[in-house]
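Input: a single structure, listed below in structure tokens.
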Amino acid sequence: MDWLEQELREALNRKDPAPDFAERVRGSLHAPKHRPAHAVEAFRSGLVLRTFGHWPVAARSWLATAAAIVITAGAGGMGYRQHRGEVARQQVMQAFRIAGSSLNHIQTQVREVRR
Amino acid sequence: MRAHQSMVFSLAYHFLRDRESAEEVAQEVFLSLHRNLGAIQSPAHAAFWLRKVTVQRAFDEGRRRKRRPQVALEDIAEPAAAVDRGDPLLGETLRRLVATLAGAPRMVMILRYQEDLDPMEIAELLDMPVATVKSHLQRSLALLRGKLERRGLGER
């Protein structure tokens with residue numbers, strides 16, 4: 001085995017998770033099972049059909065269109081929020097890069113002063 | 001569980017380079033183990049099973065993060081200070097370089113150097129031919145050596 005493989009063995013050694021990891025896993029084992037979302041459950045149980053099934057076809061079409069518009073608008077809002085999040089992330093990254101470069105500059109100067 | 005938790009967590013951590021995601025993957029793996037305890041035949045089989053499921057979950061999480069890229073704190077660029085052989089930063093440099101490898105070769109390297117598995121065992125875990133495993137190892141080592149040399153960290 002050469003030096004690189006030895007260094008890789010040291011670099012990729014096993015690490016421990018957080019001290020409370022085992023406790024959290026045990027907690028998850030005893031947690032109640034995830035229930036399906038209320039809307040899905042309602043749909044599965046036929047509640048939607050029982051509620052709107054007797055409506056005239058035209059009314060049901062309007063209801064479906066309105067629901068589609070609401071969902072589309074909601075998705076658009078979510079997309080906008082994701083975009084804002086991405087912009088914020090880029091700004092933080094830029095700040096880290098600037099801080100990193102300043103630190104590097106200072107380290108270079110300190111090294112020169114020591115010489 | 002305690003006997004295997006560092007193995008499971010580290011496989012996911014070295015692959016994903018993010019503690020939080022690695023703990024989530026590890027948690028899922030142990031919950032899955034709990035659901036499949038009846039299928040485990042021996043301690044050796046448990047270790048094999050845990051490695052295999054961890055590898056699959058880590059790949060899944062990696063693909064999910066690729067679709068929605070995230071930047072872990074561990075991956076934020078540090079000041080480019082000079083690094084010497086034997087410097088504690090060399091380990092970090094190597095981990096970063098391993099993280100730049102594509103999914104399959106990265107996992108091959110982690111299984112080889114974290115878990116000390118031989119190519120045959122890695123091939124069995126990853127369902128790939130032994131020759132492919134050996135080829136991934138050789139190419140990855142050559143790639144890392146080249147990158148380290150360009151940074152002035154090659155063998156002296």
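Below, chains carry the letters A, B, ... as their sequence lines are ordered, and counting in each starts from 1.
Taking all atoms of both residues into account, the shortest heavy-atom contact from Asp16(A) to Phe9(B) is O-CE2, 3.5 Å. What you find for Ala18(A) and Arg19(B) is that their closest heavy atoms are N-NH2, 3.7 Å. Taking every heavy atom of both residues into account, Glu5(A) and Tyr113(B) meet most closely at OE2-OH, 2.6 Å. What you find for Ser10(B) and Lys15(A) is that their closest heavy atoms are OG-N, 2.5 Å. Minimum interatomic distance between Val25(A) and Leu31(B) (heavy atoms only, all atoms of both residues): O-CD2, 4.0 Å.
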Test Glu7(A) against Leu144(B) for side chain to side chain contact (heavy atoms under 4.5 Å, CB included), laying out the working first.
CA-CA 11 Å; Glu7(A) 293 286 357; Leu144(B) 295 189; over 6 Å; no

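Interface remark: Val98(B) contributes side-chain atoms only to the contact with chain A (heavy atom separation under 4.5 Å). Residue Leu97(B) does not touch chain A at all, counting heavy-atom pairs closer than 4.5 Å. For Glu115(B), the part lying near chain A is the side chain, with the backbone staying farther off; criterion is any non-hydrogen pair under 4.5 Å.
Separating the CD atom in Glu10(A) from the CZ atom in Arg95(B) is a distance of 10.5 Å, to the nearest 0.5 Å. Taken to the nearest 0.5 Å, the CD atom of Glu149(B) stands 9.5 Å off from the CG atom of Leu4(A). Rounded to the nearest 0.5 angstrom, Leu90(B) CG and Trp3(A) CH2 are separated by 6.5 Å. The CG atom of Asn13(A) sits 12.5 Å away from atom CG of Asp116(B), with the distance rounded to the nearest 0.5 Å. The OG atom of Ser6(B) lies 5.0 Å from the CZ atom of Arg14(A); values are rounded to the nearest 0.5 Å. Atom CZ of Phe15(B) is separated from atom CG of Leu12(A) by 13.0 Å, given to the nearest 0.5 angstrom.
Inspection of non-hydrogen atoms places Arg51(B) of residues 45-54 of chain B under 4.5 Å from chain A.
Side-chain heavy atoms closer than 4.5 Å link hydrophobic residues (I, L, V, M, F, W, Y) into clusters, and following such links, possibly through other members, connects Leu33(B) to Leu29(A).
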